[in-house]
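The structure appears right after this line, and notes come after that.
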Amino acid sequence: MARYNFRESEAKWQAIWAERRTFAAVTDPSRPKYYVLEMFPYPSGRLHVGHVRNYAIGDVIARYKRSTGFNVLHPMGWDAFGLPAENAAIAGHRHPADWTFENIRVMGDQLRLIGLAYDWDREIATCTPDYYRHEQKMFLDFLKAGLAYRKESMVNWDPVENTVLANEQVIEGRGWRSGALVEKRQLTQWFLRITEYADELLDDIATLDRWPERVRAMQSNWIGRSTGARMRFALKDRTDRLEVFTTRPDTIFGASFCALSAEHPLAQEAAAGDPALGEFIADCRRLGTSEEAIETAEKRGYDTGLRAVHPFDGRELPVYVANFVLMEYGTGAIFGCPAHDQRDLDFARKYGLAVRPVLWPTTARRLSDGEFAALPPESQALFDTGEGLAVIGSETLFHVANTAFVATDAADYTYDLGDLTDRPALPVAEAKDIAIAGLAARDSGEASIGYRLRDWGVSRQRYWGCPIPVIHCDGCGVVPVPESDLPVELPADVSFDRPGNPLDHHPTWKHVACPACGGPALRETDTFDTFVESSWYFARYCSPRAADAFDRADVDYWMPVDQYIGGIEHAVLHLLYSRFFMRALRQCGYLDVKEPFAALMTQGMVCHDTYAAPDGQWLYPEEVEPRDGGWVRISDGAPVIVGRTEKMSKSRKNVVGLEKVVETYGADTARLLLLSDSPPERDLEWTDAGIEGAWRYLNRVWRLVTEPAVPLPPPGGPLPGNIGEAATALRRKTHKTIAAVSEDLDAFRLNRAVARIRELTNLVGEMDGSGPGDAWALREALEATVLLLGPIAPHLCEELWQVLGGDTMVAETPWPMADPSLTVDDTVTVAVQVNGKLRATIDLPRDAEAADAERLALADVGVQRSLGGKAVRRVIVVPNRIVNVVV
RNA sequence: GCCCGGGUGGCGGAAUUGGUAGACGCGCCGGACUCAAAAUCCGGUGGUGGUGACAUCGUGCGAGUUCGAGUCUCGCCCCGGGCACCA
């Protein structure tokens with residue numbers, strides 16, 4: 001029995017696809033386009049099977065869309081700048097470029113090994129000047145458009161490495177590599193004005209109807225728009241006023257204090273005359289970022305002695321510096337309303353500040369004098385001090401003690417303001433409007449919107465990134481590099497023998513003549529955050545060799561990406577930055593796209609069991625084997641602890657090497673397992689049994705095609721006149737499968753598509769070929785099987801297509817069409833229920849009359865038995881589905 | 001705390017607009033072939049009771065709507081992920 005020789009076939013077809021440039025995409029406005037893209041990888045070393053799922057999913061879609069007539073763009077490239085290359089340079093004394101390009105070569109070969117239908121002619125690497133020169137030009141245009149600017153900001157500074165660290169690189173307050181305590185340092189950095197587009201980025205999420213709901217929610221939360229008011233409090237004995245931001249202007253009558261962030265200018269000023277306050281502010285700074293402060297979340301404050309005057313009732317409110325007020329949000333100052341905000345209540349309880357309830361649940365009612373008199377004295381005391389008692393319904397006491405009442409839809413407003421007195425069941429939104437109008441009338445505030453989103457800091461004190469194309473001149477200030485001088489290339493001769501940014505240490509690179517005055521000047525030595533490169537690479541693929549960033553005809557044709565596929569870990573940053581970048585580029589006239597990704601699919605992780613040796617060391621799967629019901633280390637027979645199944649990662653060593661799998665089972669087998677064992681968006685468990693099962697199935701298909709039950713007629717022959725029952729059944733199954741698989745692929749149900757094809761295979765396997773027309777039906781079924789399986793197991797299917805006598809490649813053969821007359825059956829099996837319980841099934845002609853269905857159902861012996869002679873009250877007939885007899 | 005997902009056999013997972021729950025696969029059990037094994041093929045496989053046809057229970061829990069609920073409504077429980085002193 002011959003086995004499929006995948007080694008030979010896979011190499012052969014990969015060579016043919018490459019040689020014929022089968023998957024090269026050509027702009028052709030006369031044809032419908034389909035752009036499918038998987039998030040490009042960072043070339044960090046080697047791929048394992050877990051990395052490949054993403055690409056396999058995209059490949060199925062690309063191949064499927066191609067065969068259904070779309071002009072498909074499916075490119076691949078490298079997100080090639082980044083810190084790991086520099087770390088490798090420091091550790092291994094290799095140049096980051098060498099290290100990066102070596103990894104690109106290795107990983108490219110790995111990707112080619114699994115037969116992905118990429119247009120390799122469009123391959124790009126973001127670390128090449130050909131790529132990043134355009135990014136520098138974009139930056140200069142952003143600068144002109146006011147979308148890029150410089151400002152001082154706080155950064156995480158590693159004093160040992162002399163560099164800025166990203167938040168993710170700070171672990172428990174220490175640098176991830178040096179272990180040094182990280183300092184907060186004020187640095188001048190470049191920012192991109194993403195907040196300019198905050199509203200648009202938020203509102204347009206509604207148009208992303210083919211994005212996962214959770215990604216849309218995460219983006220919304222990240223932008224974090226909240227509407228409210230800015231309001232100003234006069235300060236006693238001062239001429240300036242204190243401005244605060246609030247989302248709840250309707251609770252203003254409950255205000256009992258104001259609070260400032262430690263960084264607030266007024267706090268700083270007050271600290272100048274109060275050393276204890278200065279100490280407190282320093283404390284806040286220190287604890288501000290530590291894990292401990294966030295864990296305990298203890299509210300702390302310090303009275304500045306300042307007094308704010310309530311704009312409506314003239315009460316004087318103490319002004320505190322409080323550790324829970326953030327300078328970066330709103331105005332860095334708040335008013336505190338303890339009765340209706342939990343944080344403010346916690347703070348008020350700690351510092352003995354008044355709690356003034358001013359609105360109530362609509363289900364509460366205030367007490368009559370008589371009821372009040374009947375209350376125990378301690379409750380009356382609470383009410384007198386404004387702590388608030390009321391009755392919910394007629395029973396429950398409502399008492400503002402340690403839980404603030406936060407109304408969201410409507411409330412009974414009970415404070416005294418000419419235009420807002422005792423308004424029961426007032427919608428909160430309306431109350432806010434009334435309060436804002438009151439503020440405006442007193443020149444004390446107006447409606448305002450706050451965002452959580454901050455501008456994007458893009459400066460990194462790093463070598464292996466895109467140089468920021470500006471020059472600093474003592475006389476002229478910041479001078480953009482003239483476009484004719486682009487690209488600003490990274491110098492190759494750098495040294496990593498001391499900490500800090502090699503660009504800064506380079507003897508000559510940064511010394512240049514000022515483009516404006518010609519005098520001596522210094523280049524910017526910071527480079528861009530690598531998220532900048534990944535914010536526009538997908539558009540560059542449309543015209544990867546164009547002299548400008550984009551060829552308009554190409555980018556207009558191909559963009560947006562029709563289907564983007566990648567990990568959920570990029571749900572916010574990469575996707576949000578890319579959405580911003582398209583808008584910014586549009587504003588600067590580069591292209592006319594707002595949303596770069598029309599549809600997004602976030603694939604699940606590939607997981608595997610973990611193995612640990614007795615000493616706690618992780619072991620690779622190939623280092624262990626099952627023995628006597630347990631697991632042991634192969635080298636010495638030591639017992640192995642099988643840990644829980646986790647995402648494949650090098651650190652846990654629970655990875656399966658790509659080459660190993662491809663050598664043992666072939667690329668198609670690996671692809672089949674990755675695509676069929678779970679829905680794409682869910683996690684998938686890689687198991688030996690799973691890969692064996694996939695391998696077994698492909699061999700079964702191989703056998704069924706190469707050794708059919710009866711000799712197959714030549715391809716393209718006419719349907720024989722005499723077709724038996726078995727052949728007709730197979731034909732129906734074939735056409736139903738074609739229809740169902742097409743639907744499943746359109747809906748990304750790859751696992752179900754595979755299940756459908758397997759069903760067809762099972763029926764093919766049952767055919768003995770003895771009936772009239774069997775051979776013809778078998779050929780039809782096998783051809784369909786090969787074409788339907790083509791996107792999933794492309795090498796095997798090309799090989800089998802040849803066996804079947806195909807004169808084209810599967811990759812260039814149109815998707816099979818289902819014959820609609822064969823996708824519906826003449827007879828249907830209808831379930832018969834008695835009182836909703838299944839009692840029998842009957843076969844009926846399709847679309848039988850309800851009366852006939854009822855008659856035949858009642859005639860069924862099983863139905864008669866369970867009726868037990870009882871009178872039929874009612875019969876419900878759902879055509880072609882069910883008959884329910886009610887007794 | 002808030003926002004998203006989920007909860008179905010031993011396991012991964014199917015199930016159209018409410019209409020035969022468990023497709024397909026893995027595993028397991030039994031059998032065929034073989035000196036034996038591998039590979040392959042055939043049969044079985046939600047629980048309980050029954051020799052059996054069959055009965056009965058069953059989609060996290062509790063109610064409800066309906067001729068009929070995995071699916072819809074209300075109230076809970078549990079798991080996973082994201083966000084969070086954001087005023």
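Every chain is numbered from 1, with letters handed out A, B, ... down the list of sequences.
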Closest non-hydrogen atom pair between Arg230(A) and Ser448(A), with its separation = NE-OG, 3.3 Å

Any side-chain N or O of Asn762(A) under 4.0 Å from OP1/OP2 of A23(B)?
-> no

May I ask you to say what [X] touches in the nucleic acid, namely base, sugar-phosphate or nothing, with a heavy-atom cut-off under 4.0 Å?
{"X": "Arg682(A)", "result": "sugar-phosphate"}
{"X": "Arg248(A)", "result": "sugar-phosphate"}
{"X": "Arg873(A)", "result": "nothing"}
{"X": "Ser226(A)", "result": "sugar-phosphate"}
{"X": "Val886(A)", "result": "sugar-phosphate"}
{"X": "Pro212(A)", "result": "nothing"}
{"X": "Thr247(A)", "result": "sugar-phosphate"}
{"X": "Val325(A)", "result": "base"}

Distances under 3.5 Å between nitrogen or oxygen atoms of protein and nucleotides 79-84 of chain B:
residue : atom : partner   : partner atom : Å
C83(B)  : O3'  : Arg452(A) : NH2          : 2.9
A84(B)  : OP1  : Arg452(A) : NH2          : 2.2

On RNA chain B, check which nucleotide each of Asp683(A) and Arg343(A) is closest to and give me the residue with the more 5' one.
-> Asp683(A)

Which residue, Asn751(A) or Glu759(A), contacts RNA chain B at a nucleotide closer to its 5' end, judged by nearest heavy atom?
-> Asn751(A)

Would you kindly check whether a donor in the side chain of Gln833(A) faces an acceptor in the base of G19(B), or vice versa, at under 3.5 angstrom?
-> yes

Measure distances between side-chain N and O atoms of Arg839(A) and base N and O atoms of U56(B), and say whether any donor-acceptor pair falls under 3.5 Å.
-> no

Treating a pair as Watson-Crick (purine N1 to pyrimidine N3 plus N6-O4 or O6-N4) or G-U wobble (N1-O2 and O6-N3) with both distances under 3.5 Å, list the stems of 3 or more consecutive pairs that involve RNA chain B.
-> B:1-7 with B:77-83, B:10-12 with B:24-26, B:27-32 with B:40-45, B:46-49 with B:54-57, B:60-64 with B:72-76

Could you grab the distance from atom [atom1] of [X] to atom [atom2] of [Y], nearest 0.5 Å is fine?
{"X": "Thr331(A)", "Y": "Leu242(A)", "atom1": "OG1", "atom2": "CG", "value": "7.0 Å"}
{"X": "Asp341(A)", "Y": "Arg248(A)", "atom1": "CG", "atom2": "CZ", "value": "9.5 Å"}
{"X": "Arg756(A)", "Y": "Leu788(A)", "atom1": "CZ", "atom2": "CG", "value": "12.0 Å"}

Spacing of the [atom1] atoms in [M] and [N] (rounded, Å):
{"N": "C29(B)", "M": "A38(B)", "atom1": "P", "value": "13 Å"}
{"N": "G50(B)", "M": "C24(B)", "atom1": "P", "value": "30 Å"}
{"N": "U59(B)", "M": "G6(B)", "atom1": "C1'", "value": "14 Å"}

Cationic tip of Lys299(A) above Phe347(A) ring, under 6.0 Å, 45° of axis | no

Would you mind reading off the distance between Ile882(A) atom CD1 and C67(B) atom P, rounded to a whole angstrom?
-> 14 Å

Atom CG of Asn699(A) and atom P of C41(B): how far apart are they, to the nearest Å?
-> 10 Å

Among the candidates C86(B), C85(B), G19(B), find the nucleotide nearest to the side-chain atoms of Asn884(A).
-> G19(B)

Look at the side chain of Arg881(A) and decide which nucleotide, out of U17(B), U20(B), G25(B), has an atom nearest to it.
-> U17(B)

CZ of Arg241(A): more than 12 outside heavy atoms within 6.0 angstrom?
-> yes

Please check if atom NZ in Lys870(A) has more than 12 non-hydrogen atoms from other residues, nucleotides or ligands closer than 6.0 Å.
-> no

Kindly indicate, with the supporting measurements, whether the criterion side chain to side chain donor-acceptor pair (under 3.5 Å) is fulfilled by Thr195(A) and Tyr451(A).
-> CA-CA 8 Å; Thr195(A) 53; Tyr451(A) 298 91; over 6 Å; no

Asp843(A) and Thr829(A): side chain to side chain donor-acceptor pair (under 3.5 Å), yes or no, with the steps?
-> CA-CA 4 Å; Asp843(A) 288 336; Thr829(A) 302; 2.9 Å; yes

Stepwise side chain to side chain donor-acceptor pair (under 3.5 Å) check, Asn654(A) with Thr610(A) = CA-CA 5 Å; Asn654(A) 62 338; Thr610(A) 49; 5.8 Å; no

